[in-house]
J.: 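Take this structure first; my questions come after.
Since the structure is predicted, the reported quantities are computational estimates derived from the model, not experimental observations.
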Amino acid sequence: MAPSHAPYSVNKSPKEYDEYKFTLPALYRELAKEELREDDVVREKALTEMRHWIAVNPYIFKCRTDAKFLLRFLRFRQFSVPMACEALERYLTVRELYPSWFKNLDCNESTMKEIFHSGTFTLLGWDAAGRMVGFSRFSRFDGEKHSPAQDARFMALVMETMLECEEFQVGGCHVLIDFEGSTVANFEKWSTTDLKIMMDAYSHTYPLRYADIHSAGLPKYGSSVIETFLSFANPKMREKISCFSTAAEMEKYFEAPLKPALYGGTVDLELANRVLWKRMEDQREVVLGLDQMEIDLDYYSSRWNFEGTTPDEIAAGAMFKRLTMN
């Protein structure tokens, strides 16, 4: 088994850990302090408490305990240890409940390569506020060839890869989605159950810190699917979403250095994709190593009624009408 301080360690109670050092630029140290209440003292105390909780938890059999992994959840919950522990439990449970969606995330798998090289998602870089800027072209997802679970696995691969980046953990993300060119097939393959699982991952399970989420060009035949999708989002996430009629209206939300060439900017999406692919390859063993973690699924699946969640259709419908009027 790997040493206890390895990135994909699953030892529950190692006696020693490598000393964590905050090595990010000053911008992120300021963000961590102001937005996450993180400093060296708070961080060390929280890591110690969370490791102890994992070690004595009879329902978590194997879990990563390195700082980078635990800081995903501590930063997500602004260093509230109880809330971070609950977020970790939910994350581990959903991965076990839906392994075909969230496990065996291998960038070398042929389907993952195919979805990636279709240009579905691009990492544009980091903006002046320290946020990761991601750009998705929804029409590039194959509406007929790939299943919802395959598309979801690709996005889970992206999320797991980026969560290994501390700039992403601290700075959060700004997401822009272009729906122009999407076909009926892009939407109709998604069942209500599929939409719920996917939004649960985006909105509740993965420790993602969203800034703004901008989208544009949603066709009318996709409206009902997206409205259902939004009904499963948590209220905080809904507040961050804006929708525009055309991609041209969304252009102003790209910072100049991060604006794609197809919108009149300077970013070559092919070159940007190579950078993301290199990051995926570098993190491949770490991401696959996540599958070594084990929990008592009977206990956790009974604790949370994932299947029984009722979508907030009224709130989502009202928000959707507001968004489409922009």
J.: Please list all pairs passing the salt bridge (charged side-chain N to carboxylate O under 4.0 Å, His left out) test where one or both residues lie in residues 251-260, with sequence neighbours left out.
T.: Glu251-Lys259

J.: For Lys68, which residues count as a salt bridge (charged side-chain N to carboxylate O under 4.0 Å, His left out) partner, sequence neighbours excluded?
T.: none

J.: Below 4.0 angstrom, N of the basic side chain to O of the carboxylate: do Glu144 and Lys189 qualify?
T.: no

J.: Applying side chain to side chain donor-acceptor pair (under 3.5 Å) to Gln169 and Arg75, what does each step give before you reach the verdict?
T.: CA-CA 7 Å; Gln169 293 181 7; Arg75 286 165 171 158; 2.6 Å; yes

J.: In terms of hydrophobic clustering (I, L, V, M, F, W, Y; side-chain heavy atoms under 4.5 Å; direct or indirect links), are Phe229 and Val225 co-clustered?
T.: yes

J.: Check side chain to side chain contact (heavy atoms under 4.5 Å, CB included) between Glu96 and all other residues, then give those that pass, not counting sequence neighbours.
T.: Lys103, Ile295, Leu297

J.: Test: salt bridge (charged side-chain N to carboxylate O under 4.0 Å, His left out). Region: residues 116-132. Which pairs qualify, not counting sequence neighbours?
T.: Asp127-Arg131, Arg131-Asp212

J.: Could you walk me through whether Glu164 and Arg279 pass salt bridge (charged side-chain N to carboxylate O under 4.0 Å, His left out), step by step?
T.: CA-CA 10 Å; Glu164 290 298 320; Arg279 186 182 291 272; over 6 Å; no

J.: Is there a path of hydrophobic side-chain contacts, each under 4.5 Å between heavy atoms, that joins Val275 and Met159?
T.: no

J.: For Glu35, what residues pass the side-chain hydrogen bond (donor to acceptor under 3.5 Å, both in side chains) criterion, not counting sequence neighbours?
T.: Arg209

J.: Name all residues meeting the side chain to side chain contact (heavy atoms under 4.5 Å, CB included) criterion together with Ala149; count only those two or more places apart in sequence or in a different chain, and write none if there are none.
T.: Trp101, Ser147

J.: Give, for atom CG of Asn273 and atom CG of Leu123, the distance between the pair rounded to the nearest 0.5 Å.
T.: 9.0 Å

J.: Can you list the steps and then say if Asn234 with Tyr202 is a side chain to side chain donor-acceptor pair (under 3.5 Å)?
T.: CA-CA 10 Å; Asn234 66 50; Tyr202 288 149; over 6 Å; no

J.: Run the salt-bridge test on Lys278 and Asp282 with the 4.0 Å N-O cut-off and return the result as yes or no.
T.: yes

J.: Apply side chain to side chain contact (heavy atoms under 4.5 Å, CB included) to Thr48 and Glu44, showing your working.
T.: CA-CA 6 Å; Thr48 299; Glu44 190 59 36; 4.0 Å; yes

J.: Are Leu288 and Met155 in one and the same hydrophobic cluster, where Ile, Leu, Val, Met, Phe, Trp and Tyr link if side-chain heavy atoms are under 4.5 Å apart?
T.: no

J.: Would you please say whether a donor-acceptor pair under 3.5 Å links the side chains of Thr246 and Glu249?
T.: yes

J.: Taking the six-membered ring for Trp, are Phe121 and Phe135 ring centroids under 6.0 Å apart?
T.: no

J.: Taking side chain to side chain contact (heavy atoms under 4.5 Å, CB included) as the definition, give me every residue that meets it alongside Lys45, ordered by chain and number, with sequence neighbours left out.
T.: Glu49

J.: Answer yes when Asp291 and Arg95 have at least one side-chain N-carboxylate O distance shorter than 4.0 Å, and no when they do not.
T.: yes

J.: If you group Ile, Leu, Val, Met, Phe, Trp and Tyr by side-chain heavy-atom gaps below 4.5 Å, do Leu262 and Tyr253 land in one group?
T.: yes

J.: With hydrophobic residues grouped by side-chain heavy-atom distances under 4.5 Å, do Met237 and Met83 end up in a single group?
T.: no

J.: Would Leu70 and Arg51 count as a side chain to side chain contact (heavy atoms under 4.5 Å, CB included) here? Give the steps.
T.: CA-CA 8 Å; Leu70 298 184; Arg51 284 168 176 154; 3.6 Å; yes

J.: Would you please name every residue forming a ring pair (Phe, Tyr, Trp, His ring centres under 6.0 Å) with Tyr20, sequence neighbours left out?
T.: none

J.: Pick one: which of Arg72, Arg64, Arg284 meets salt bridge (charged side-chain N to carboxylate O under 4.0 Å, His left out) with Glu160?
T.: Arg72

J.: Only counting residues at least two apart or in another chain, list the ones meeting ring pair (Phe, Tyr, Trp, His ring centres under 6.0 Å) with His52.
T.: none

J.: Side chains of residues 21-30: which donor-acceptor partners sit under 3.5 Å, not counting sequence neighbours?
T.:
| from | atom 1 | to | atom 2 | distance (Å) |
| --- | --- | --- | --- | --- |
| Tyr28 | OH | Gly130 | O | 3.0 |
| Arg29 | NH2 | Phe22 | O | 3.4 |

J.: In chain order, what residues pass the side chain to side chain contact (heavy atoms under 4.5 Å, CB included) check against Asp268, with sequence neighbours excluded?
T.: Glu270, Leu271

J.: Is the centre of the Phe187 ring less than 6.0 Å from the centre of the Phe138 ring?
T.: yes

J.: Please enumerate all residues that pass ring pair (Phe, Tyr, Trp, His ring centres under 6.0 Å) together with Phe79, with sequence neighbours excluded.
T.: none

J.: Hydrogens and angles aside, do Tyr263 and Asp178 bring a side-chain donor and acceptor to less than 3.5 Å of each other?
T.: yes

